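Below is one structure. I have some questions about it.
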Amino acid sequence: MKKYILSVDQGTTSTRAILFDHEGHICSKAQREVECLFPKPGWVEANALAIWVSVIDVVNEVLVQENVTMNSVDSIGITNQRETTIIWDKNTGLPVYNAIVWQSRQSADICDKYEKDKEFIHEKTGLLINPYFSASKIRFILDHIPNGQERAEKGELLFGTVDSWIIYKMTNGLVHATDVSNASRTMLYNINTNEWDDELLKLFNVPKCMLPEVLPSSYCYGTASFFSSQVSICGVAGDQQAALFGQTCFEVGESKNTYGTGCFMLLNTGDKPVLSKKGLLTTVAWKINDKVTYALEGSVFVGGAVVQWLRDQMRMLHEASESEKMALEVKDTNGMYFVPAFVGLGTPYWDDDARGSAFGMTRGTTRNHFVRACLEAIAYQCKDVFEVMKDETKVVLKNLKVDGGATHNKFLMQFQSDILHTEIKLPQCLETTALGVAYLAGLASGYYKDLEEIKSIHCYQAIYKPEMNEKEVEEKYAGWKKAIEATRQF
Ligand code: ADP
């Protein structure tokens with residue numbers, strides 16, 4: 001019988017299930033939107049039970065589409081929006097508060113109190129004090145539900161990121177676990193010792209008994225009882241780390257960049273965590289057998305979103321895809337730079353106050369120049385992250401593997417390759433997040449023999465090679481740096 005790996009990809013706005021065959025081809029795919037709730041300005045929550053129901057729905061649908069049952073599934077991989085925090089009642093299995101989504105700012109005041117501990121926290125977790133991470137969200141929930149702290153201390157409440165919640169529900173409450181990559185985003189996990197950190201737990205006053213067991217990313221977590229069949233959950237990883245794995249960035253110096261609404265770049269730094277002084281996050285990429293692999297992570301807040309802005313606010317385009325043709329109508333931006341700092345600047349500037357700005361326009365500037373400057377800005381921002389990674393690791397970055405919606409833009413990909421002076425590789429399967437946990441699951445179940453076998457089936461639809469001469473790159477990038485400086489001074 002043909003066997004598949006089932007990946008569940010639980011994202012911020014939707015849940016997807018994909019059936020992959022042995023070659024990593026997508027055989028069927030199902031998706032459900034998940035509603036985000038905005039109870040107050042800056043707060044983002046979701047109904048945790050609705051998340052679980054969406055998982056059941058997509059799993060059901062993906063099997064029906066392929067006309068198979070769970071008996072055809074070799075194993076399950078789970079990947080998820082990271083940091084999002086759920087606390088539930090151990091006896092009823094019901095959430096005691098909505099899931100607090102990673103983007104939510106509702107625990108910002110709590111984070112302010114820990115500003116003085118930022119060095120201590122950074123050394124242990126590789127993270128910067130920010131409401132994104134789970135610790136302050138757990139604190140928020142325990143402080144906002146009746147007798148929260150007391151119930152947690154009595155062992156009545158359980159905490160999990162979305163992976164743990166799905167595992168718990170799939171195994172009928174038998175398994176309360178998470179993987180290292182998700183644990184490393186909670187701000188309670190020590191990435192040096194690879195265990196929950198007692199000092200951090202004390203600092204945030206989080207009882208250890210509510211935390212999930214931390215397991216490797218490729219490992220048999222337990223049996224999911226689904227539609228009267230039993231299938232093992234064998235791969236678990238946070239979305240960005242799963243994408244790094246799905247891009248087969250198995251070696252030190254291999255990196256991936258996702259061009260979605262924002263951009264997320266991760267670099268495999270090998271078996272030791274590298275702490276950054278310039279705002280990159282240090283994170284666990286995955287653990288396979290006893291071997292932990294680490295990554296550095298940088299983010300750009302506005303990536304593909306600048307193209308949405310050109311379409312929806314500026315009405316310069318009807319479709320995002322038109323931007324490619326318009327950019328190619330002109331030979332350059334005619335000296336124009338655009339800095340899309342709509343919500344501040346991410347790595348390496350971490351400037352919340354910066355706002356979008358345009359420079360160097362003349363009477364000769366056209367819509368095409370403007371659109372091109374916006375696309376180039378995506379590439380320049382990613383170069384800023386890439387340069388910091390090179391600088392801090394002294395690792396030779398071999399190439400950049402890419403995914404996400406904006407990789408459809410061939411102009412952007414070629415310009416990115418030129419400006420980084422690095423080869424850009426676009427994989428055949430763009431669902432790299434789901435593919436990553438399919439690979440992790442298949443490795444643990446024996447569906448795949450080893451990493452070599454995975455590399456041998458992984459293929460690319462396009463490879464972009466740098467064409468621009470280095471002098472031109474330097475001149476253009478120097479202009480970008482000037483534009484950034486001016487933006488920050490405004
Ligand atoms: P997310 O997962 O963050 O929602 P996606 O990976 O689905 O993002 O990518 C969507 C983003 O990609 C949007 O911001 C959109 O503007 C951008 N995008 C899609 N197609 C193109 C294109 N051809 N050129 C440039 N940007 C594009």
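Just so you know, these numbers come straight off a predicted model, no measurement behind them. All heavy atoms count here, side chains included; hydrogens, waters and symmetry mates do not.
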Legend entry - Asn182 and Asp179, any side-chain heavy atoms less than 4.5 Å apart: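 When only atoms from C-beta onward are counted, Asn182 and Asp179 do touch, with a gap below 4.5 Å.
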
Inset, instruction - Check the side chains of Tyr189 and Asn194 for a donor-acceptor pair under 3.5 angstrom, ignoring hydrogens and angles. - result: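 Side chains of Asn194 and Tyr189: pair found under 3.5 Å.
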
Legend entry - Distance-only side-chain donor-acceptor flag, Asn409 / Ser323, under 3.5 Å: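 There is such a pair (donor and acceptor under 3.5 Å, judged by atom type) between the side chains of Asn409 and Ser323.
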
Inset, instruction - Ignoring hydrogens and angles, state whether a donor on the side chain of Asp9 or Ser7 is under 3.5 Å from an acceptor on the partner side chain. - result: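 No, no side-chain donor-acceptor pair sits under 3.5 Å.
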
Legend entry - Closest non-hydrogen atom pair between Val306 and Pro340, with its separation: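 Answer, listing the atom of Val306 first, then Pro340: CG2-CB, 3.8 Å.
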
Legend entry - Residues which pass side-chain contact (heavy atoms from CB on, under 4.5 Å) with Ser54, listed by chain and number, not counting sequence neighbours: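 Listed in chain order: Thr15, Arg32, Val34.
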
Inset, instruction - Please say whether the positively charged group of Lys482, taken as NZ for Lys or CZ for Arg, lies over the ring of Tyr337, i.e. under 6.0 angstrom from the six-membered ring centre and within 45 degrees of the axis. - result: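 No - Lys482 does not lie over the ring of Tyr337 by the 6.0 Å and 45° rule.
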
Legend entry - Pairwise salt bridge (Lys or Arg N to Asp or Glu O under 4.0 Å) hits with a residue in residues 183-195, at least two apart: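 Found Glu83-Arg185, Arg185-Glu297.
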
Inset, instruction - Evaluate the ring pair (Phe, Tyr, Trp, His ring centres under 6.0 Å) criterion for residues Phe338 and Phe359: first the C-alpha distance (whole Å), next the side-chain angles of each, then the deciding distance (0.1 Å), finally the verdict. - result: CA-CA 6 Å; Phe338 185 76; Phe359 299 93; 9.1 Å; no

Legend entry - Salt bridge present between Glu485 and Lys481 (N-O < 4.0 angstrom):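 Lys481 and Glu485: not salt-bridged.
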
Inset, instruction - Write out all pairs satisfying salt bridge (Lys or Arg N to Asp or Glu O under 4.0 Å) with one or both partners inside residues 261-287, taking only residues at least two apart or from two chains. - result: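 For residues 261-287, and leaving out neighbouring residues, the salt bridge (Lys or Arg N to Asp or Glu O under 4.0 Å) pairs sorted by first residue read Lys278-Asp391.
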
Legend entry - Carboxylate-amine/guanidinium contact Lys325 Glu322, below 4.0 Å: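 A salt bridge is absent here (no side-chain N lies under 4.0 Å from a carboxylate O).
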
Legend entry - Any side-chain donor near an acceptor of the partner, Trp286 and Ser218, under 3.5 Å: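 Note: Trp286 and Ser218 side chains miss the donor-acceptor criterion.
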
Inset, instruction - Quick one: list whatever passes salt bridge (charged side-chain N to carboxylate O under 4.0 Å, His left out) with Glu472, sequence neighbours left out. - result: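 Only Lys476 meet the salt bridge (charged side-chain N to carboxylate O under 4.0 Å, His left out) criterion with Glu472.
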
Legend entry - salt bridge (charged side-chain N to carboxylate O under 4.0 Å, His left out) partners of Glu251, counting only residues at least two apart: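 If we apply the salt bridge (charged side-chain N to carboxylate O under 4.0 Å, His left out) test to Glu251, skipping adjacent residues, the hits are Lys455.
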
Legend entry - Pairing residues for Asp351 by the side chain to side chain donor-acceptor pair (under 3.5 Å) criterion, not counting sequence neighbours: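 Side chain to side chain donor-acceptor pair (under 3.5 Å) check on Asp351 returns Arg488.
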
Legend entry - Sole residue of Thr125, Asp198, Asp197 in side chain to side chain donor-acceptor pair (under 3.5 Å) with Asn190: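 Of Thr125, Asp198, Asp197, side chain to side chain donor-acceptor pair (under 3.5 Å) with Asn190 is met by Asp197 alone.
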
Inset, instruction - Verify the ring-centre separation between Phe415 and Tyr380: is it less than 6.0 angstrom? - result: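 Ring centroids of Tyr380 and Phe415 are less than 6.0 Å from each other.
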
Legend entry - Side-chain H-bond candidate by donor/acceptor type, Asp74 with Ser445, under 3.5 Å: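 Result is yes, a qualifying pair exists.
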
Inset, instruction - Give a yes or no on this: more than 12 heavy atoms of other residues, nucleotides or ligands lie within 6.0 Å of atom CG of Asn469. - result: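 Counting other residues, nucleotides and ligands, CG of Asn469 exceeds 12 neighbours.
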
Legend entry - Contact list for residues 384-408, test ring-ring contact (aromatic ring centres under 6.0 Å, His included), sequence neighbours left out: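 Counting only pairs at least two positions apart or across chains, no ring-ring contact (aromatic ring centres under 6.0 Å, His included) contact touches residues 384-408.
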
Legend entry - Set of residues satisfying side chain to side chain donor-acceptor pair (under 3.5 Å) with respect to His458, sequence neighbours excluded: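 Tyr439.
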
Legend entry - Pairs touching residues 407-436 that satisfy salt bridge (Lys or Arg N to Asp or Glu O under 4.0 Å), sequence neighbours left out: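 Residue pairs passing salt bridge (Lys or Arg N to Asp or Glu O under 4.0 Å), neighbours aside: Arg16-Glu431, Lys29-Glu431, Glu423-Lys465.
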
Legend entry - Heavy atoms of other groups near Tyr219 OH, more than 12 under 6.0 Å: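 For Tyr219, atom OH is not crowded (no more than 12 foreign heavy atoms under 6.0 Å).
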
Legend entry - Polar side chain donor-acceptor pair, Tyr259 to Gln416, under 3.5 angstrom: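 Yes, a side-chain donor-acceptor pair sits under 3.5 Å.
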
Inset, instruction - Kindly write out the residues that satisfy salt bridge (charged side-chain N to carboxylate O under 4.0 Å, His left out) with Lys3, not counting sequence neighbours, or none if the list is empty. - result: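 Salt bridge (charged side-chain N to carboxylate O under 4.0 Å, His left out) check on Lys3 returns nothing, list empty.
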
Legend entry - Approximate separation, where rounding is to 0.5 Å, of Phe264 CZ and Thr258 OG1: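 Answer rounded to 0.5 Å: 8.5 Å.
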
Inset, instruction - Identify whether the distance between the nearest side-chain nitrogen and carboxylate oxygen of Glu115 and Lys118 falls below 4.0 Å. - result: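 Yes, Glu115 and Lys118 are salt-bridged.
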
Legend entry - From Leu317 atom CG to Trp309 atom CH2, the distance as rounded to the nearest 0.5 Å: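 Between Leu317 CG and Trp309 CH2, I get 10.5 Å after rounding to 0.5 Å.
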
Inset, instruction - Please list, chain by chain and in numerical order, all residues satisfying salt bridge (charged side-chain N to carboxylate O under 4.0 Å, His left out) with Asp403, sequence neighbours excluded. - result: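 If we apply the salt bridge (charged side-chain N to carboxylate O under 4.0 Å, His left out) test to Asp403, skipping adjacent residues, there are no hits.
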
Inset, instruction - Please round to the nearest 0.5 Å and tell me the distance separating atom OG1 of Thr347 and atom CG of Asp384. - result: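 Reported value, rounded in 0.5 Å steps: 9.5 Å.
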
Legend entry - Distance-only side-chain donor-acceptor flag, Glu392 / Ser276, under 3.5 Å: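 Note: Glu392 and Ser276 side chains meet the donor-acceptor criterion.
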
Legend entry - Spacing of CD1 belonging to Ile18 relative to CD1 belonging to Ile5, to within rounding of 0.5 Å: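 Between Ile18 CD1 and Ile5 CD1, I get 13.0 Å after rounding to 0.5 Å.
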
Inset, instruction - Any chance you could measure Phe120, atom CZ, to Leu203, atom CG, to the nearest 0.5 Å? - result: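 One gets 6.5 Å once the value is rounded to the nearest 0.5 Å.
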
Inset, instruction - Using distance alone, with no hydrogens and no angle criterion, decide if Ser184 and Thr283 have a side-chain donor and acceptor under 3.5 Å apart. - result: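 There is such a pair (donor and acceptor under 3.5 Å, judged by atom type) between the side chains of Ser184 and Thr283.
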
Inset, instruction - Decide yes or no for Leu397 and Thr422: does some side-chain heavy atom of the first lie under 4.5 Å from some side-chain heavy atom of the second? - result: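 Side-chain contact under 4.5 Å: no.
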
Legend entry - salt bridge (Lys or Arg N to Asp or Glu O under 4.0 Å): pairs with one or both residues in residues 370-382, sequence neighbours excluded: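 Of all non-adjacent pairs touching residues 370-382, those that pass salt bridge (Lys or Arg N to Asp or Glu O under 4.0 Å) are Arg372-Glu376.
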
